[in-house]
Amino acid sequence: MSKHDTRDFVKMHGLGNDFVIFDGREDGFRPSPRQAARVADRHFGVGCDQVITLEPSSTADLFMRIQNPDGSESGACGNATRCVAALVLDETGGDQLVIETLAGLLACTRLPDGRVTVDMGVPRLDWTEIPLARAMDSGDIDLQLADKAGHQLVAPVGVNMGNPHAVFFVADAEAIDLPDIGPRVEHNPLFPERVNVSVASLMSRAKDHTRIRVRVWERGAGITLACGSASCAVIVAATRRGLADGRATIVMDGGELELQWREDDTHVLMTGPTALVFRGAFPLGDTL
Ligand SMILES: N[C@H](CCC[C@H](N)C(=O)O)C(=O)O
């Protein structure tokens with residue numbers, strides 16, 4: 001491939017969490033970590049929160065590879081899963097499909113209103129599955145810190161949705177200095193695979209439905225307008241802390257996701273919108 005060879009892509013987003021999507025199902029194309037970083041760069045590339053590549057799968061309709069702007073890979077990306085489902089269902093004309101990721105198979109259903117529901121699978125909750133560096137209750141992680149303004153963040157809940165999450169419940173998520181505490185938690189040695197960091201505050205609670213405000217610092221990406229796997233981690237964390245029981249609306253900077261999880265149900269269901277922004281082509285030569 002010469003440096004002038006270009007590769008077609010589709011730019012999509014889920015609540016402002018945006019993606020450059022390549023299709024490698026025919027030719028096995030897969031960006032190197034360096035190429036993914038360049039594509040994701042908002043000055044020298046296309047710009048996105050994650051680079052997504054569709055690949056063949058022997059167990060599902062397709063495999064979805066997820067690369068962060070720092071070139072690292074993830075086992076889950078809830079918002080991108082909805083976008084890829086919508087993109088491929090537009091091709092097939094169907095309303096259901098299964099997407100394989102590094103963390104497992106995700107069943108996706110397009111609803112009559114155009115939103116997509118993804119069965120994000122069973123949350124992993126043992127300390128070894130988050131993972132944590134030493135044995136402890138993942139529902140009450142032994143970590144506390146303060147942001148520059150002195151706001152205390154104490155005892156996050158750890159949840160793995162195919163990727164690692166730490167959820168701090170705070171009085172007011174808006175007040176937290178996320179650019180300060182995000183990287184400090186992401187790179188804390190307690191998280192051997194790093195971690196996505198959410199700050200969450202309860203907005204309202206009715207019977208069987210809770211509204212929760214959530215802001216996210218994503219592993220390998222920084223602050224994003226929304227994070228689908230984090231929304232799953234938050235309903236699981238809130239349920240474990242007795243703050244939710246079954247259904248929740250997760251209110252993020254980019255909009256709202258509808259979540260369902262009951263401890264006996266095991267699977268987390270996430271529903272939300274998707275948007276196709278534009279199609280383009282990018283020079284991906286090896287020299288990049
Ligand atoms: N930064 C995440 C991957 C993207 C997750 C997010 N965009 C989502 O919608 O779940 C990680 O390294 O685990």
Side-chain angles (χ1 to χ4, degrees), residues 15-17 49 76 78-79 123 125 127 130 132-133 136-161 163-191 193-206 208-261 263 268 270 272:
L15 301 180
N17 184 204
D49 291 329
N79 287 321
L125 303 176
W127 71 274
I130 304 303
L132 299 173
M136 69 180 76
D137 173 5
S138 68
D140 189 19
I141 292 177
D142 178 16
L143 174 65
Q144 55 284 325
L145 70 161
D147 71 6
K148 286 177 186 157
H151 298 107
Q152 295 295 320
L153 295 104
V154 178
V157 180
V159 180
N160 187 295
M161 291 303 304
N163 58 348
H165 290 269
V167 179
F168 289 94
F169 288 101
V170 296
D172 178 6
E174 308 297 345
I176 302 299
D177 184 345
L178 196 53
D180 168 35
I181 65 105
R184 291 165 58 194
V185 178
E186 174 188 359
H187 297 280
N188 187 297
L190 201 47
F191 303 103
E193 293 179 9
R194 298 186 290 161
V195 74
N196 296 282
V197 186
S198 291
V199 290
S201 41
L202 214 58
M203 297 174 72
S204 66
R205 185 167 188 191
D208 185 27
H209 186 253
T210 304
R211 280 178 72 81
I212 306 173
R213 175 74 173 102
V214 176
R215 296 171 62 217
V216 186
W217 174 277
E218 283 198 28
R219 176 182 64 169
I223 291 179
T224 60
L225 293 177
C227 178
S229 55
S231 72
C232 301
V234 167
I235 191 171
V236 172
T239 304
R240 296 181 75 190
R241 287 280 172 87
L243 301 173
D245 47 16
R247 286 189 313 117
T249 297
I250 306 298
V251 180
M252 295 184 158
D253 293 345
E256 301 185 358
L257 290 171
E258 301 302 329
L259 275 291
Q260 292 182 52
W261 187 66
E263 289 200 90
V268 183
M270 171 199 64

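Starting from 1, each residue takes its place in the sequence as its number.
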statement: When every non-hydrogen atom of Asp208 is compared with those of Gly246, the smallest separation belongs to OD1-CA, 3.8 Å

- request: Would you name the heavy atoms of Ile212 and Ala200 that are closest together and state the gap between them?
  value: CG2-CB, 3.9 Å

message: What's the separation between atom NZ in Lys148 and atom CG in Asp180, rounded to the nearest 0.5 Å?
response: 4.5 Å

- line: For Ala146 and Gln152 the tightest heavy-atom approach is CB-NE2, 3.5 Å

- request: Mind listing the closest non-hydrogen atom pair of Ala166 and Pro156 along with its distance?
  value: CB-CB, 4.1 Å

- request: Return the minimal non-hydrogen interatomic distance between Met270 and Gly78, and the atom names on each side.
  value: CE-O, 3.4 Å

query: Would you call Asp140 and Arg240 a salt bridge, taking side-chain N to carboxylate O under 4.0 Å as the test?
result: no

message: I'd like to check Leu243 versus Thr210 (side-chain heavy atoms, cut-off strictly below 4.5 Å). Are they in contact?
response: no

Side chain to side chain contact (heavy atoms under 4.5 Å, CB included) partner of Trp127, the single match among Leu190, Asp137, Leu132: Leu132

task: Test side-chain contact (heavy atoms from CB on, under 4.5 Å) on Arg241 and Val157 and set out the steps.
output: CA-CA 9 Å; Arg241 287 280 172 87; Val157 180; 3.5 Å; yes

task: With rounding to the nearest 0.5 Å, note down the distance linking CG in Leu15 to CD1 in Ile250.
output: 11.5 Å

CA sep, side-chain torsions, deciding dist, call: Leu257, Asn79, side-chain contact (heavy atoms from CB on, under 4.5 Å): CA-CA 10 Å; Leu257 290 171; Asn79 287 321; 4.0 Å; yes

Trace of the side-chain contact (heavy atoms from CB on, under 4.5 Å) decision for Phe191 with Val185: CA-CA 8 Å; Phe191 303 103; Val185 178; 3.9 Å; yes

query: With a 4.5 Å limit on heavy-atom distance, are the side chains of Val251 and Met203 in contact?
result: yes

message: Counting C-beta onward and ignoring hydrogens, is there a side-chain heavy-atom pair between Val159 and Leu125 closer than 4.5 Å?
response: yes

task: Output, in order, the C-alpha distance, side-chain angles, deciding distance and verdict of side-chain contact (heavy atoms from CB on, under 4.5 Å) for Glu218 and Asn17.
output: CA-CA 11 Å; Glu218 283 198 28; Asn17 184 204; 3.7 Å; yes

task: Kindly indicate whether the side chain of Asp177, heavy atoms from C-beta on, has any atom under 4.5 Å from the side chain of His151.
output: no

query: Under a 4.0 Å N-O cut-off, is there an ion pair linking Arg219 with Glu186?
result: no

field: Among Ile176, Val154, Val197, the one residue meeting side chain to side chain contact (heavy atoms under 4.5 Å, CB included) with Phe168
entry: Val197

query: Rounded to the nearest 0.5 Å, how far apart are CD1 of Ile181 and CG of Asn188?
result: 11.0 Å

- request: Could you check Thr249, Asp253, Asp172 and say which one makes a side chain to side chain donor-acceptor pair (under 3.5 Å) with Arg213?
  value: Asp253

- request: Enter the distance from Met252:CE to Thr224:OG1 here, rounded to the nearest 0.5 Å.
  value: 7.0 Å

Validation: residues 225-236 side-chain donor-acceptor distances under 3.5 Å, sequence neighbours left out:
| residue | atom | partner | partner atom | Å |
| --- | --- | --- | --- | --- |
| Ser229 | OG | Asn163 | ND2 | 3.0 |
| Ser229 | OG | His165 | NE2 | 3.0 |
| Ser231 | OG | Gly228 | O | 2.5 |

